[in-house]
Amino acid sequence: MIAVGCTTTEPTGSAVQPPEWYEQRQAELTERGFPRIADVPTVPQRAADAEDRIDPDSKRAKDLAVRRRTALWQAIIKDPRSAPTYLTPQEIAAWGDEQLSRLEGRPGPADFLTDQEVASLRARFDRRRARR
């Protein structure tokens, strides 16, 4: 991300110019809502408050740490993304392989009929009146 953030289209005295598609891609990403690296918000530094001046070995500091840990645990548990998955490890691995094939441009897994489905279709459409 740092390398991407350092690229610019402004001439800096270097003979290296960005590819011709760079400006178009930059405009396309801006239209899709991606921020520029310079516009990414940062977390402000918080001022030292009374909690930072507490002796770390005191009972109050330990109670505060327990409360923070409990609050963090509750936030994690209540998050809908922390629900257990219904997928098996094999299904997760298959999903990962499918995503990798999409990224690499390979076609996805073939969606052929099974032998049972073929037999079912043949039985359904194999009628005497249809044969001549």
Side-chain angles (χ1 to χ4, degrees):
M1 185 158 173
I2 292 172
V4 173
C6 294
T7 62
T8 181
T9 57
E10 297 176 14
T12 58
S14 173
V16 178
Q17 293 296 321
E20 54 198 38
W21 52 263
Y22 184 78
E23 294 286 339
Q24 180 184 3
R25 182 68 175 151
Q26 222 175 11
E28 179 184 326
L29 290 175
T30 303
E31 287 174 12
R32 290 176 56 191
F34 288 96
R36 290 185 19 223
I37 295 294
D39 297 338
V40 174
T42 58
V43 176
Q45 293 291 331
R46 67 182 184 100
D49 54 5
E51 293 177 358
D52 292 337
R53 293 189 294 264
I54 298 174
D55 179 25
D57 293 328
S58 70
K59 181 175 180 351
R60 184 170 176 225
K62 291 176 183 175
D63 289 342
L64 182 63
V66 167
R67 282 199 312 265
R68 284 182 178 165
R69 203 170 32 245
T70 304
L72 180 61
W73 178 253
Q74 291 298 324
I76 290 172
I77 294 299
K78 291 178 182 176
D79 189 342
R81 294 180 295 171
S82 66
T85 182
Y86 56 88
L87 300 173
T88 64
Q90 293 81 12
E91 291 171 328
I92 293 171
W95 180 84
D97 291 340
E98 178 185 339
Q99 299 307 313
L100 282 176
S101 69
R102 282 183 174 174
L103 287 174
E104 295 173 354
R106 292 183 287 158
D111 190 19
F112 295 120
L113 295 174
T114 63
D115 291 339
Q116 183 180 6
E117 291 169 331
V118 170
S120 171
L121 286 172
R122 281 191 178 151
R124 177 173 284 172
F125 291 103
D126 189 21
R127 302 284 183 240
R128 285 187 177 269
R129 63 177 176 237
R131 283 194 231 142
R132 289 190 191 209

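On a predicted model such as this, the values are computed, not experimentally measured, just so you know. Just the heavy atoms: all of them, side chains too, but no hydrogens, waters or symmetry mates, feed the values below.
- Residue Ile92 shares its hydrophobic cluster (ILVMFWY side chains chained together at separations under 4.5 Å) with Tyr86, Leu87.
- Qualifying side chain to side chain donor-acceptor pair (under 3.5 Å) partners for Lys78, counting only residues two or more places apart in sequence or in other chains: none.
- Salt bridge Lys59/Asp63: present, at least one basic N to carboxylate O contact under 4.0 Å.
- Leu64 and Leu72 are assigned to two separate hydrophobic clusters, defined by single-linkage of ILVMFWY side chains at heavy-atom distances under 4.5 Å.
- Applying the side chain to side chain donor-acceptor pair (under 3.5 Å) rule to Asp79 yields the partners Arg81; only residues at least two apart in sequence or on another chain are considered.
- The number of heavy atoms from other shown groups lying within 6.0 Å of CD (Gln74) is above 12.
- For Asp97, there are no side chain to side chain donor-acceptor pair (under 3.5 Å) partners, not counting sequence neighbours.
- Other residues, nucleotides and ligands contribute at most 12 non-hydrogen atoms within 6.0 Å of the CD atom of Gln24.
- With sequence neighbours left out, Gln116 forms a side chain to side chain donor-acceptor pair (under 3.5 Å) with no residue at all.
- Side-chain heavy-atom separations under 4.5 angstrom define the hydrophobic clusters, and the remaining members of the one that includes Ile77 are Trp73.
- Atom-to-atom distance recorded for Leu103:CG and Glu98:CD is 11.0 Å, nearest 0.5 angstrom.
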